[in-house]
*Asks:* 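Quick one: the structure is below, and I'll ask about it shortly.
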Amino acid sequence: MIRVLLVDDQALLRSGFRALLDIEDDIEVVAEAADGREGVALARRHLPDIALIDIQMPVLDGIEATRLIAADPALAGVHVVILTNYGLDEHVFHALRAGAAGFLVKDIEPEDFLHAVRVAARGDALLAPSITRRLIDRYVVEPRHLRAPAGLAELTSREREAVVLVAQGLSNDDVAARMVISPLTAKTHVNRAMTKLHVRDRAQLVVVAYESGLVAPRQH
């Protein structure tokens, strides 16, 4: 059973999402919150698999709520998915840096919404390769102070290679093909790299790869 927490200040939207989720046999909405602070408290109380969090809310916004959840070791199993009206914008980028596994636009088709919840519950980032490339092109290429995260020196050459390919927007299958290894081995390299770099998922792995200088942004 996939346990979901809904966090949105608009009751109508929460009820709409809940209606979609409640009819699914493998999904259960365990709690609802109208602001980020309440959402974080309910995440700690219920330990959901997925926290669907609106990015703009009173009291505590979705970015700060995401940061608090991602920083709490007791909530390591909670995958935050950001809900937004605007698609990929700078607020979403900050939420991904804060620890979100991905994002969904609120006018998403119902079947796509349900699929996304199940993808996030598996621990996969909701960032298709095309979205990853847009993320890189629009924000990661901005000048930043490079910072080497703890664990970067611990990566093997194959793990580094896998991280670079992920940061270029490749899926595990594409990484496997490029490295001439099995998809399972590719996934193992990626997962070990995430563990060593202390990141929650592929979304953060992409950001760390660029901010550490492991991958150089394309020049425009």
Side-chain angles (χ1 to χ4, degrees), residues 1-4 24-27 48-51 70 73 75-82 88 92-93 95-104 108 111-141 146-218:
M1 183 69 70
I2 300 170
R3 305 171 76 253
V4 177
E24 299 298 308
D25 293 336
D26 61 334
I27 301 174
D49 301 300
I50 304 293
L75 301 179
V78 179
H79 303 288
V80 175
V81 176
I82 288 292
L88 183 62
V92 169
F93 173 67
L96 293 172
R97 293 185 70 205
F103 72 97
L104 296 174
I108 187 172
E111 58 270 24
D112 293 333
F113 172 69
L114 294 170
H115 173 70
V117 168
R118 293 183 173 104
V119 167
R122 294 198 303 265
D124 294 334
L126 289 175
L127 291 178
S130 60
I131 296 296
T132 303
R133 284 191 288 271
R134 285 176 56 203
L135 177 70
I136 293 164
D137 287 342
R138 291 185 59 179
Y139 297 110
V140 182
V141 295
L146 296 181
R147 52 193 179 98
L152 186 62
E154 298 177 20
L155 297 182
T156 67
S157 60
R158 295 297 266 172
E159 288 164 358
R160 280 177 173 257
E161 185 179 355
V163 171
V164 169
L165 294 173
V166 168
Q168 292 172 352
L170 274 64
S171 66
N172 281 347
D173 286 346
D174 293 332
V175 170
R178 190 73 65 86
M179 295 179 66
V180 197
I181 55 179
S182 72
L184 180 60
T185 301
K187 185 175 182 179
T188 298
H189 286 322
V190 172
N191 287 345
R192 285 178 177 167
M194 291 195 300
T195 299
K196 291 178 180 180
L197 295 173
H198 306 288
V199 298
R200 289 165 64 94
D201 53 41
R202 295 169 74 93
Q204 280 72 62
L205 191 62
V206 171
V207 174
V208 166
Y210 280 85
E211 292 195 335
S212 67
L214 188 59
V215 182
R218 293 191 295 273

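The first residue of the sequence shown is numbered 1, and numbering continues consecutively from there.
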*Asks:* Is any side-chain heavy atom of Ile27 closer than 4.5 Å to one of Leu114?
*Replies:*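 They are in contact (side-chain heavy atoms under 4.5 Å apart), so the answer is yes.
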*Asks:* For the backbone of Leu155 and the side chain of Lys196, can you confirm whether one donor and one acceptor N or O come within less than 3.5 Å of each other?
*Replies:*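 Not a single qualifying donor-acceptor pair exists.
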*Asks:* Do Leu197 and Leu152 pass the side chain to side chain contact (heavy atoms under 4.5 Å, CB included) test, and can you show the C-alpha distance, the side-chain angles, and the key distance before you say yes or no?
*Replies:* CA-CA 6 Å; Leu197 295 173; Leu152 186 62; 4.2 Å; yes
*Asks:* For Glu24, what residues pass the salt bridge (charged side-chain N to carboxylate O under 4.0 Å, His left out) criterion, not counting sequence neighbours?
*Replies:*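 Glu24: salt bridge (charged side-chain N to carboxylate O under 4.0 Å, His left out) contacts with Arg118.
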*Asks:* Please examine the side chains of Val163 and Val190, heavy atoms only from C-beta on, and report whether any two atoms are closer than 4.5 Å.
*Replies:* no
*Asks:* Considering non-hydrogen atoms only, spot the tightest contact between Ala70 and Gly99 and give its length.
*Replies:*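 Closest approach of Ala70 to Gly99, heavy atoms only: CB-CA, 4.0 Å.
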*Asks:* What's the spacing between Arg178 CZ and Asp173 CG if we round to 0.5 Å?
*Replies:*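 Answer rounded to 0.5 Å: 13.5 Å.
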*Asks:* Kindly determine whether Asp174 and Leu165 satisfy side chain to side chain contact (heavy atoms under 4.5 Å, CB included), including the steps that lead there.
*Replies:* CA-CA 8 Å; Asp174 293 332; Leu165 294 173; over 6 Å; no
*Asks:* Is a donor on one side and an acceptor on the other found under 3.5 Å between the side chain of Thr185 and the backbone of Ile181?
*Replies:*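 Side chain of Thr185 to backbone of Ile181, a donor-acceptor pair under 3.5 Å: no, none is there.
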*Asks:* Side chains of Glu154 and Glu159: does their closest heavy-atom pair fall under 4.5 Å?
*Replies:*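 The answer is no, as the side chains (C-beta and beyond) never meet within the 4.5 Å cut-off.
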*Asks:* Could you work out, with side-chain hydrogen bond (donor to acceptor under 3.5 Å, both in side chains) as the rule, every residue matching Thr188, not counting sequence neighbours?
*Replies:*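 side-chain hydrogen bond (donor to acceptor under 3.5 Å, both in side chains) check on Thr188 returns nothing, list empty.
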*Asks:* Would a 4.5 Å heavy-atom cut-off, applied to side chains only, mark Leu104 and Phe113 as touching?
*Replies:*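 The answer is yes, as the side chains (C-beta and beyond) meet within the 4.5 Å cut-off.
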*Asks:* Just wondering, are more than 12 heavy atoms of other shown residues or ligands nearer than 6.0 Å to CZ in Arg192?
*Replies:*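 No, the 6.0 Å shell around CZ holds no more than 12 heavy atoms from other groups.
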*Asks:* Determine yes or no for a side-chain-to-main-chain donor-acceptor pair under 3.5 angstrom, with Asp49 supplying the side chain and Ala121 the backbone.
*Replies:* no
*Asks:* Using a 3.5 Å distance criterion without hydrogens, assess whether the side chain of Glu161 forms a donor-acceptor pair with backbone atoms of Arg158.
*Replies:*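 Flag not set: sc Glu161 to bb Arg158 has no pair under 3.5 Å.
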*Asks:* Can you tell if the side chain of Ile50 reaches within under 4.5 Å of the side chain of Pro48, non-hydrogen atoms only?
*Replies:* no
